[in-house]
Amino acid sequence: MSEEYKDNYDEEYEEEYSNRRGARILLIIVGVVLIVFGAAYSGYYLYSQYNARQESHQYTEIQTEPVSAKDEKPENPIDFKTLQAQNDEIYAWIKVPGTKVDYPIVQSAASDEFYLKHSALTKKWASSGAIYTEMVNSKDFYDRVTLIYGHNGYSDTMFTTLHSFENKEFFDKHSKFYIYTPDSKLTYRIVSAFKYDNRHIMNSFEFGDIAVYSEFLGMIQNPQSTVKNVREKLDKPLSTDDKTVVLSTCIKNQKSNRYLVCGVLIKDEKTD
């Protein structure tokens, strides 16, 4: 082998070796980055789930035993005095039997998005957020439609277990939910539960128009969805005099859809 050929061979070998070495180093760096990112994401996910469960336990602990009913008024099991001492934006409480939905309802006076990522009890940042309404709704539940939001996917907290209504047997057995205010108990008959698109309901319908509201009532009684359950028999036909509440939550891996549980007010009782 000539010296010139040998030198060229050595240079090509070293260059190839250097390229291979560089490629291996790059692959190692990419692998380490992916492992670190995966570990960080997993840690954040697990922390969010843990935090959501801890937050949920606090809600359970703050409730009190029902007081004795007087003058046949229903009992109010919610200690609003303690709740509102922690956060004066707590104005109601929702219970959905058969699910783990048992939470205060809040409404921010500053931003409709605040409780998307903040605790109802402490107003501190919380990935699981809170159960909340927006400023477009009044706080007396006398609007034609009140829209209540809650997250899905943080363990079994917030509105995650509303997805139980996708099961027809569960839907048929659980026909009511309840909202408490400091001086009342509101009972709602569940009309339907179904997958819907992600439009903002309060901004998409002019509920001040009776014809529009009538059309909306027709829609929730006959939703055009492949994922739906509808109450076959109601106490009475829905009318534009009725007050409805829509519970809205996300659907896993479907950013363009929402899951709605729709109820109509059937009883408004004063409490002690």
Side-chain angles (χ1 to χ4, degrees), residues 55-107 115 120-121 130-133 137-150 156-159 161-162 164-165 170-193 217 220 231-249 260-272:
E55 184 84 8
S56 184
H57 291 158
Q58 291 182 59
Y59 295 132
T60 302
E61 292 169 0
I62 205 163
Q63 296 183 61
T64 60
E65 292 298 318
V67 296
S68 300
K70 298 177 182 179
D71 301 325
E72 299 183 350
K73 288 183 179 180
E75 301 168 343
N76 193 327
I78 310 303
D79 184 359
F80 280 102
K81 183 177 180 180
T82 299
L83 285 167
Q84 292 175 340
Q86 294 187 59
N87 181 3
D88 60 7
E89 291 187 323
I90 294 173
Y91 72 96
W93 190 285
I94 183 169
K95 290 176 176 281
V96 183
T99 75
K100 293 191 176 182
V101 177
D102 195 7
Y103 294 105
I105 302 174
V106 286
Q107 184 179 113
Y115 286 109
L121 291 181
I131 306 304
Y132 69 97
T133 59
N137 277 128
S138 64
K139 298 179 183 178
D140 58 10
F141 299 96
Y142 270 51
D143 294 338
R144 284 175 171 164
V145 177
T146 298
L147 184 61
I148 305 177
Y149 294 96
D156 55 2
T157 66
M158 299 299 129
F159 272 179
T161 53
L162 286 183
S164 298
F165 286 101
F170 181 92
F171 179 87
D172 290 341
K173 288 182 178 180
H174 299 87
S175 62
K176 298 176 183 177
F177 65 82
Y178 305 92
I179 292 177
Y180 290 90
T181 69
D183 61 2
S184 66
K185 176 186 178 183
L186 308 174
T187 302
Y188 292 83
R189 176 78 66 198
I190 297 173
V191 177
S192 58
L217 292 175
I220 67 174
R231 192 74 52 201
E232 295 178 359
K233 293 182 179 180
L234 296 174
D235 301 326
K236 64 182 183 66
L238 298 187
S239 77
T240 51
D241 291 329
D242 285 319
K243 312 300 180 188
T244 57
V245 162
V246 176
L247 311 180
S248 176
T249 193
L260 308 181
V261 176
C262 305
V264 60
L265 181 65
I266 59 172
K267 190 181 291 186
D268 181 353
E269 304 168 278
K270 294 298 181 183
T271 59
D272 287 316

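These values consider heavy atoms only, across backbone and side chains, with no hydrogens, waters or symmetry-generated copies. Source: prediction; values computed, not measured.
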Colleague: Atom OG1 in Thr187, atom NZ in Lys176: separation rounded to 0.5 Å?
Modeller: 6.5 Å
Colleague: Please name the pair of heavy atoms, one in Pro97 and one in Phe170, separated by the smallest distance, quoted to 0.1 Å.
Modeller: O-CZ, 4.4 Å
Colleague: Quick check against the 3.5 Å criterion: does Asp268 have a side-chain atom that pairs as donor or acceptor with the backbone of Ser184?
Modeller: no
Colleague: Using the rule side-chain hydrogen bond (donor to acceptor under 3.5 Å, both in side chains), only one of Arg144, Arg189, Lys236 pairs with Asp242; which is it?
Modeller: Lys236
Colleague: Of all heavy-atom pairs between Val145 and Asn137, which one has the smallest distance, and what is that distance?
Modeller: O-ND2, 2.9 Å
Colleague: Run the side chain to side chain contact (heavy atoms under 4.5 Å, CB included) check on Ile190 and Ser175 step by step: do they pass?
Modeller: CA-CA 5 Å; Ile190 297 173; Ser175 62; 5.5 Å; no
Colleague: Could you state the interatomic distance from CG (Asp143) to OG (Ser138), rounded to the nearest 0.5 Å?
Modeller: 3.5 Å
Colleague: Which distance, rounded to the nearest 0.5 Å, do you find between the OH of Tyr188 and the OH of Tyr178?
Modeller: 12.5 Å
Colleague: Angle between ring planes, His174 versus Phe165, binned at 30° and 60°: parallel, tilted or perpendicular?
Modeller: perpendicular
Colleague: Do the side chain of Thr99 and the main chain of Leu162 share a donor and acceptor less than 3.5 angstrom apart?
Modeller: no
Colleague: Looking at CG of Asp272 and CG of Asn76, how far apart are the two atoms once the value is rounded to the nearest 0.5 Å?
Modeller: 8.5 Å
Colleague: Just how far is it from atom CH2 of Trp93 to atom NZ of Lys185, taken to the nearest 0.5 Å?
Modeller: 15.5 Å
Colleague: If every non-hydrogen atom of Tyr115 is compared with every non-hydrogen atom of Glu89, which pair is closest and at what distance?
Modeller: OH-OE1, 2.6 Å
Colleague: Please verify the inter-ring angle class for Tyr149 with Tyr132; under 30° counts as parallel, over 60° as perpendicular, anything in between as tilted.
Modeller: parallel
Colleague: List the atom of Gly150, the atom of Ile131, and the distance in Å for their closest heavy-atom pair.
Modeller: CA-CD1, 3.8 Å
Colleague: For residues Lys139 and Gln107, report the shortest heavy-atom separation together with the two atoms involved.
Modeller: CE-OE1, 3.7 Å
Colleague: Would you mind reporting whether Thr181 and Asp140 have side-chain heavy atoms less than 4.5 Å apart?
Modeller: no
Colleague: Give a yes or no answer on whether the side chain of Tyr142 reaches the backbone of Lys243 with a donor-acceptor pair at less than 3.5 Å.
Modeller: no
Colleague: Pair Tyr91, Ile105 - check side chain to side chain contact (heavy atoms under 4.5 Å, CB included), show working.
Modeller: CA-CA 6 Å; Tyr91 72 96; Ile105 302 174; 3.7 Å; yes
Colleague: Side chains of Asp156 and Thr161: do they bring a donor and an acceptor to under 3.5 Å?
Modeller: no
Colleague: Rounded to the nearest 0.5 Å, how far apart are NZ of Lys267 and CG of Leu186?
Modeller: 11.5 Å
